[in-house]
Amino acid sequence: MAYGCPTIINNTETLAAVPWIIANGGEAYAKIGPEKSPGTKLISASGHINKPGVYEVDMGYPLMDFVNNECGGILNGGKLKGIIPGGSSVNILTAEECEGLKLDYESMRDGGSSLGCAGFMVLDDSVDMIEAVLNLSHFYSHESCGQCTPCREGGHWIEKIFHRIARGDGHPGDLELVENLCNQIGGHTICAFGDTMISPYLSIIDKFADEFKTRISDALKGTQIVRESLNFETEGGH
Amino acid sequence: MTSQVSETVDLVTLTIDDKQVRVPKGTNLIEAAKTVGIEIPHYCYHPHLSVPGNCRMCQVKVEGAPKLMIGCHSIAQNDMVVRTHNTSKEVDDAQAATLEFILINHPLDCTVCDQAGHCKLQDYHYEYNARPSRFIEDKVHKPKAKSLGPTVMLDAERCIMCTRCIRFCDEVTGTSELGMLNRGDRSEITVNPNQELDNPLSGSVVDLCPVGALTHKQWRFNTRIWFTDQADSICPGCSTGCNVKVAERDGQIVQVKARLNDAVNKEWMCDEGRYGFMRFLPETRVLGARVKAESVKYEAAIKEAAGLKAKDTLVFIASDLLCEDYATIKTFVDKVLGNAEVVMAYRSRKLSEVEQVLISPDYAPNFKGAETLGLVSGDLEMAYDAALAKVAANQAVNLLIIGDRGLLAEDATGSVIAGLKQAACSVGIFTDQNHPAASVVSVLLGGRSILEKSGLMINRTGRLQYSAAAIEVKPGTDPEWRVLKDVAKSAGVEIGSALKDRERTLELLAAETKFSGLKIKDIKGVGIAL
């Protein structure tokens, strides 16, 4: 890329599809998968599955077939809790919501999430959703470029609230506050980072509300919370 | 933006808060709203810097747009319907949210912060938020009281990361000393390694900073702004005529801020002018009159000075007198003196590229005023040098020096002083007792500093501007024009003049054809191009 000159940027996945299309023709490519989402998709599957890896599947391939066949099912025979199908910036799907969904853009959208970039993360029931969302919020607040006010300040504020809830210091009203802050961030930023950051927070709090509420009410009751904390700094300025 | 719009400028018509607005094509919504008196709050936007759109404070609702738009970056279009916080709850909430976000990590420094009382965070909080904080977490901490260079102190915690300071150094001075370290909410303003913020306009970043993150080292902690009296003045450093706001307390200048003037200085000021403002007000004043080194009554000195009448007189005038003063001097020269030669102590100077952004190649704030009023013309520096040579060659018969800067200290050489001594009658009207010629002239009278006067000045580009006095007059001093009036009277000539600054200005506006039709209120503010 020469500085200041017209430059084309493409995702590697896009470029990888090109040779096959040239060799076999566009029509043949369009015949694969459903009409509105033709072709194949590279799914980067990770998490509590027996065979994590990158798989190329036809668009429209049933999601649970992918999990149980190609991915070899849940690790050590565990129980599915949820899937983040399209990279962390899409809504999480509960195990029930995954039934019947297909790996294409329309089906995922109708199912309340998005195929996105197919960063396919499978969570089993050993996952503490509060720790999970804390991990995600640490990522987003760390990655924020810092230009615009809502994402820069709001991102880390939300992480701090999740941290407080996780370590057993949650207050009633914390979830409503996070929801409110997400709405203050989404739609008010320079770029889509702010919009995408809030999807995991809102969907995880919504779909796994009971876990959060229990943790908060346990905190109020003074119940000891034993936590195998993920080892990274979430407090203070760094 | 002038109120006269030429026919060749395209106008667009839009509605803001149900008010009809007509502005030139290309105007952004913040400026468009200003024309109908609607304030759209903003931090990062500045009319003379690039638009970054990062603070999110200027959000407005534009009908038809899926999200709120930022006013600084949205250009007014025909038939646009815009709503600000005045008529849109969505905008009101978004602005309150922005303020809430800025305040969560902002330190509770108001009690020790110089910006308190003129802080846009305080002002906007009361205006657009005023909701209690919901933040109970730990704040992010950053370096405080970090020196960026000889003039500016940084408090990184107070910074709201609007990047005005960085953009100023990139775009205006081109020196690019400042940058942003880290990212996210660990972002910090910093100066480049092994560099200092030391460009000739460095103090301007403090004016630009909306909060107290950048403060003047010279004036740090010196006063609360609400204890000061503020005057809209013109800097008398050079002929750029930067518009400034001078804060005074107990006779001291405690802060000088640049004022916005699109046609003169944008909103910048040079360090030499800003931090050296007190140099125009000498510590040791000439109080009372002296004749041949002996204290005398004012009237006696005046009588002695009347010895100038009808004689060949060499008149040196300072470049920092007001237009009103120059008009009086012209009348005096014409009616009282005989063959008089008037020169202005004018020195040009070489400027670096950065200095040339704002500073004029002279130290003569109102030379144009003297020229316009017919006192001096041609090559001023050459005329000044020639006059000095005449004095040094003992050829000056009578001398009249008006103002400290009428004879510059560096030009008061041994031969010039000797030449002054041998003159038959030499009259000096000075403010500084320690002026090299003060002890030499036969008649010494105490004048006033430009900072103590209100009146008109004309800058290098021919812009007529009004400067308000920043300091109260020192008792025991007399304004130059009154001295001349009294000398004239003593010589039997009436050159009447009003007593108060304002009346003298009105008198001048009425008398001079070049200023015909102008009123003080037209000139105050941003001045008028003649």
Side-chain angles (χ1 to χ4, degrees), chain A residues 134 137-167 169-195 197-198 216 219 232-238, chain B residues 42-44 51-59 61 65-70 72-73 90-91 93-107 121 129 131 133-143 156-157 159-163 166 180-189:
Chain A
L134 176 58
S137 67
H138 180 71
F139 165 74
Y140 283 108
S141 75
H142 207 273
E143 290 300 310
S144 168
C145 78
Q147 258 191 92
C148 72
T149 308
C151 168
R152 177 183 72 234
E153 310 289 349
H156 203 183
W157 185 3
I158 293 175
E159 183 196 340
K160 287 175 180 173
I161 298 172
F162 285 143
H163 187 83
R164 208 168 23 79
I165 297 173
R167 68 168 187 263
D169 203 2
H171 304 170
D174 274 346
L175 298 179
E176 289 75 12
L177 177 59
V178 170
E179 224 174 301
N180 186 240
L181 295 179
C182 286
N183 291 327
Q184 283 181 183
I185 296 170
H188 297 112
T189 52
I190 295 179
C191 78
F193 192 79
D195 302 319
M197 155 164 89
I198 62 176
I216 292 174
F232 55 83
E233 293 171 296
T234 52
E235 302 192 58
H238 305 284
Chain B
H42 54 275
Y43 290 118
C44 64
V51 178
N54 61 44
C55 70
R56 314 316 277 182
M57 196 60 205
C58 66
Q59 287 177 90
K61 182 139 191 80
K67 303 194 291 189
L68 294 179
M69 309 285 281
I70 48 174
C72 58
H73 207 44
E90 195 186 340
V91 172
D93 287 341
Q95 285 174 337
T98 302
L99 284 163
E100 180 176 38
F101 283 135
I102 294 177
L103 286 165
I104 60 171
N105 286 312
H106 194 80
L121 193 52
N129 183 3
R131 301 172 195 185
S133 176
R134 303 182 288 181
F135 184 80
I136 59 172
E137 324 301 330
D138 288 331
K139 286 181 185 271
V140 174
H141 292 296
K142 296 176 187 172
E157 276 184 358
C159 175
I160 59 171
M161 280 148 283
C162 69
T163 68
I166 299 176
M180 188 78 88
L181 202 58
N182 302 327
R183 64 168 189 263
D185 67 353
R186 287 98 53 222
S187 301
E188 250 177 69
I189 299 291

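So you know, we letter chains A, B, ... as the sequences are listed, proteins then strands, and number each from 1.
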*What pair of heavy atoms forms the shortest contact from R56(B) to T189(A), and how long is it?*
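Residues R56(B) and T189(A), closest heavy atoms: NH2-O, 3.1 Å.
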
Non-hydrogen atoms of chain A under 4.5 Å away: do they reach the side chain of [X], the backbone, both or neither?
X	value
T98(B)	both
P66(B)	neither
Y43(B)	neither

*Identify the residues of residues 143-151 of chain A whose heavy atoms come closer than 4.5 Å to a heavy atom of chain B, ordered by number, or report 'none'.*
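E143(A), S144(A), C145(A), G146(A), Q147(A), C148(A), T149(A), P150(A) fall under the 4.5 Å cut-off.
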
_Checking an interface table here. Which of residues 174-183 of chain A come within a heavy-atom distance under 4.5 Å of chain B?_
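If one takes a 4.5 Å heavy-atom cut-off, the residues of residues 174-183 of chain A near chain B are L177(A), N180(A), L181(A).
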
Heavy-atom side-chain contact between [X] and [Y] under 4.5 Å:
X	Y	answer
I185(A)	F101(B)	yes
V140(B)	K160(A)	yes
E153(A)	L103(B)	no

*asked:* Donor-acceptor check, side chain of R183(B) to backbone of R152(A), threshold 3.5 angstrom: yes or no?
replied: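 No, the answer is negative, given that no donor and acceptor are paired below the 3.5 Å cut-off.
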
*Who among I102(B), D93(B), L68(B), I70(B) has the most heavy-atom pairs with chain A under 4.5 Å?*
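Answer, by heavy-atom pair count under 4.5 Å with chain A: I102(B).
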
*Distance from H188(A) atom NE2 to Q95(B) atom CD, nearest 0.5 Å?*
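So the NE2 of H188(A) and the CD of Q95(B) are separated by 10.0 Å.
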
*Atom pair CD1/NE2 of I190(A) and H73(B) - distance to nearest 0.5 Å*: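 Rounded to the nearest 0.5 Å, the CD1-NE2 separation comes out at 9.5 Å.
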
*Qualifying salt bridge (charged side-chain N to carboxylate O under 4.0 Å, His left out) pairs, either residue in residues 97-106 of chain B, two or more places apart*: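 The answer is E100(B)-R134(B).
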
*With E137(B), which residues qualify under side-chain hydrogen bond (donor to acceptor under 3.5 Å, both in side chains), at least two apart?*
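For E137(B), the residues satisfying side-chain hydrogen bond (donor to acceptor under 3.5 Å, both in side chains) (neighbours in sequence not counted) are R164(A).
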
*asked:* Please rank G173(A), S141(A), G187(A) by heavy-atom pairs under 4.5 Å with chain B and give me the top one.
replied: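 Ranked by contacts with chain B, first place is G187(A).
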
